[in-house]
2 protein chains.
Amino acid sequence: MQYAEPIDRLIKAITRLPGIGEKTATRLALYILNAKKEYVGELVESLLNVKEKVALCSGCMTFSDTDPCSVCSDAGRDALTICVVSDYKDMMALESMGGYRGTYHILHGNLAPLKGVGPDDLKIRELVERVERNGVKEVILATGFDSEGEATSAYLARLLKPYNARLTRIASGVPVGSYVEYMDGATLGRAMEGRKEVS
Amino acid sequence: MQYAEPIDRLIKAITRLPGIGEKTATRLALYILNAKKEYVGELVESLLNVKEKVALCSGCMTFSDTDPCSVCSDAGRDALTICVVSDYKDMMALESMGGYRGTYHILHGNLAPLKGVGPDDLKIRELVERVERNGVKEVILATGFDSEGEATSAYLARLLKPYNARLTRIASGVPVGSYVEYMDGATLGRAMEGRKEVS
């Protein structure tokens with residue numbers, strides 16, 4: 001015996017979500033079956049709403065329900081300092097750190113030739129245009145320190161060299177709260193390389 | 001900085017699903033943001049569809065998109081043998097075992113006085129009516145062997161005693177593939193109690 005067709009269809013749709021296997025999808029589908037109509041209505045409404053109202057900010061390319069987004073439209077923030085990140089989640093992590101008063105640029109991925117992701121698949125053209133147009137003072141390269149993040153950062157550094165902006169890369173080293181003994185050689189190498197005078 | 005309101009609302013709606021924490025909900029919401037419109041359309045459609053088309057079978061109370069369900073309407077199945085289970089998932093597990101040719105009755109829960117679940121919250125009245133009306137030959141009590149399942153089974157056994165049906169309870173013992181040494185005393189007690197002649 002199979003699940004009834006509408007249940008089966010829902011399980012299949014849920015299974016396509018990342019990190020959700022068939023077992024979890026089945027559990028969720030059966031929860032939906034038992035759930036109040038109001039809840040399912042709210043879930044559906046918020047799914048549609050997010051696709052309808054959220055678009056990319058024409059400045060920094062972040063997801064936003066306003067254009068420009070709340071960061072780009074904030075007069076208190078320095079529009080001439082741009083922190084380049086791979087992903088919306090990276091921007092959210094930096095924002096929750098607090099203290100950064102510049103703006104962002106979201107690439108929506110990293111260069112990954114083996115996966116077929118080239119410069120045209122990322123928001124790189126938009127970054128170059130911003131740097132060109134606005135007399136940007138500093139571009140902070142804040143992609144990850146995995147191989148793809150590093151390659152993307154190196155590519156952007158080369159690409160943005162002709163412009164007048166200062167190009168910086170966020171520091172790599174031992175994370176706060178971590179022990180030296182557990183760090184890999186590459187990280188320790190970076191930490192040594194980036195060492196600073198103790199005042 | 002907070003997520004944009006529509007994103008935040010979607011995260012909140014997803015967090016209400018069982019076993020989904022805020023981190024997973026955020027990951028799923030951001031996936032939805034990036035996902036193709038067609039996929040989100042299909043997800044929404046199947047959510048609405050399942051609530052619209054799936055209802056309880058008026059016979060066995062299972063979830064079905066037809067009434068009576070495919071089991072109750074199958075002339076090859078014995079309508080006078082009813083296997084009582086707590087949950088739709090229990091019925092699916094028994095069906096995937098194959099071989100059972102009777103019908104089911106889904107209670108939609110177990111008696112749980114401490115959680116405020118009494119007989120009126122389960123499909124017990126419907127079961128009694130079926131037994132009364134149809135001259136049922138056998139009622140197989142197949143609720144779980146946890147305390148609530150056991151209590152529910154005992155309650156039903158008392159309730160159905162006045163009728164002419166044979167009342168049986170599925171066997172409890174050592175599961176296939178398990179070792180005796182790892183079994184708890186209660187299970188071994190049941191296994192001893194239920195021992196059978198070796199032919």
Side-chain angles (χ1 to χ4, degrees), chain A residues 1-14 16-20 24 26-37 39-55 57 62-66 69-71 74 87-89 91-92 94-96 98 108-109, chain B residues 1-14 16-20 24 26-37 39-55 57 62-66 69-71 74 87-89 91-92 94-96 98 108-109:
Chain A
M1 186 187 174
Q2 264 295 307
Y3 285 100
E5 190 276 332
I7 304 176
D8 198 52
R9 182 176 161 195
L10 178 59
I11 294 173
K12 288 215 174 81
I14 297 176
R16 285 176 58 190
L17 291 168
I20 305 280
T24 304
T26 305
R27 189 168 52 77
L28 295 178
L30 296 181
Y31 176 82
I32 295 288
L33 264 180
N34 282 308
K36 289 220 177 75
K37 262 216 154 104
Y39 167 62
V40 179
E42 165 59 18
L43 183 61
V44 162
E45 187 61 42
S46 56
L47 281 164
L48 293 173
N49 199 39
V50 92
K51 293 307 273 186
E52 209 170 275
K53 298 210 180 132
V54 176
C57 165
T62 195
F63 289 116
S64 176
D65 56 345
T66 57
C69 72
S70 59
V71 171
D74 184 342
D87 215 89
Y88 180 54
K89 279 177 269 192
M91 171 185 173
M92 296 309 290
L94 287 162
E95 276 301 286
S96 67
H108 292 276
Chain B
M1 185 188 175
Q2 264 295 307
Y3 286 100
E5 191 275 331
I7 304 176
D8 198 51
R9 182 176 161 195
L10 178 59
I11 294 172
K12 288 216 174 81
I14 297 176
R16 287 175 58 189
L17 291 167
I20 305 280
T24 304
T26 305
R27 190 168 53 77
L28 295 178
L30 296 181
Y31 176 81
I32 295 288
L33 263 180
N34 281 307
K36 289 219 177 77
K37 263 214 153 104
Y39 167 61
V40 179
E42 165 60 19
L43 182 61
V44 161
E45 187 60 41
S46 56
L47 282 164
L48 293 172
N49 199 38
V50 91
K51 294 305 274 187
E52 208 170 275
K53 297 209 181 134
V54 176
C57 166
T62 194
F63 289 116
S64 175
D65 55 345
T66 56
C69 72
S70 59
V71 171
D74 184 344
D87 214 88
Y88 179 56
K89 279 176 269 190
M91 172 185 172
M92 296 310 288
L94 287 162
E95 276 300 288
S96 67
H108 291 275

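Letters go in sequence order (proteins before strands), and every chain restarts at 1.
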Choice from Thr24(A), Asn34(A), Ile14(A) maximising heavy atom contacts with chain B below 4.5 Å: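 Among Thr24(A), Asn34(A), Ile14(A), the one with the most close pairs to chain B is Asn34(A).
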Pick whichever of Ala4(A), Pro18(A), Ala13(A), Gly41(A) has the most heavy-atom pairs under 4.5 Å with chain B.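 Winner by heavy-atom pair count: Pro18(A).
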Proximity breakdown for Lys53(B) and chain A, heavy-atom pairs closer than 4.5 Å: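 Just its side chain gets close to chain A.
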Tell me, side chain or backbone of [X] under 4.5 Å from chain B's heavy atoms, or both, or neither?
{"X": "Glu5(A)", "result": "both"}
{"X": "Leu30(A)", "result": "side chain"}
{"X": "Ile20(A)", "result": "side chain"}
{"X": "Val50(A)", "result": "both"}
{"X": "Val54(A)", "result": "side chain"}
{"X": "Asp87(A)", "result": "neither"}

Could you tell me which of [options] has the largest number of non-hydrogen atom pairs under 4.5 Å with chain A?
{"options": "Ile11(B), Thr26(B), Leu28(B)", "answer": "Leu28(B)"}
{"options": "Ala29(B), Gly98(B), Ala35(B)", "answer": "Ala35(B)"}
{"options": "Asp65(B), Leu48(B), Val40(B)", "answer": "Asp65(B)"}

Once rounded to the nearest 0.5 Å, what's the spacing between atom CG of Asp8(B) and atom OG of Ser46(A)?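 If I round to the nearest 0.5 Å, the distance is 10.5 Å.
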N/O donor-acceptor pair under 3.5 Å between Lys51(A) side chain and Ile32(B) backbone: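 Yes; at least one donor-acceptor contact below 3.5 Å.
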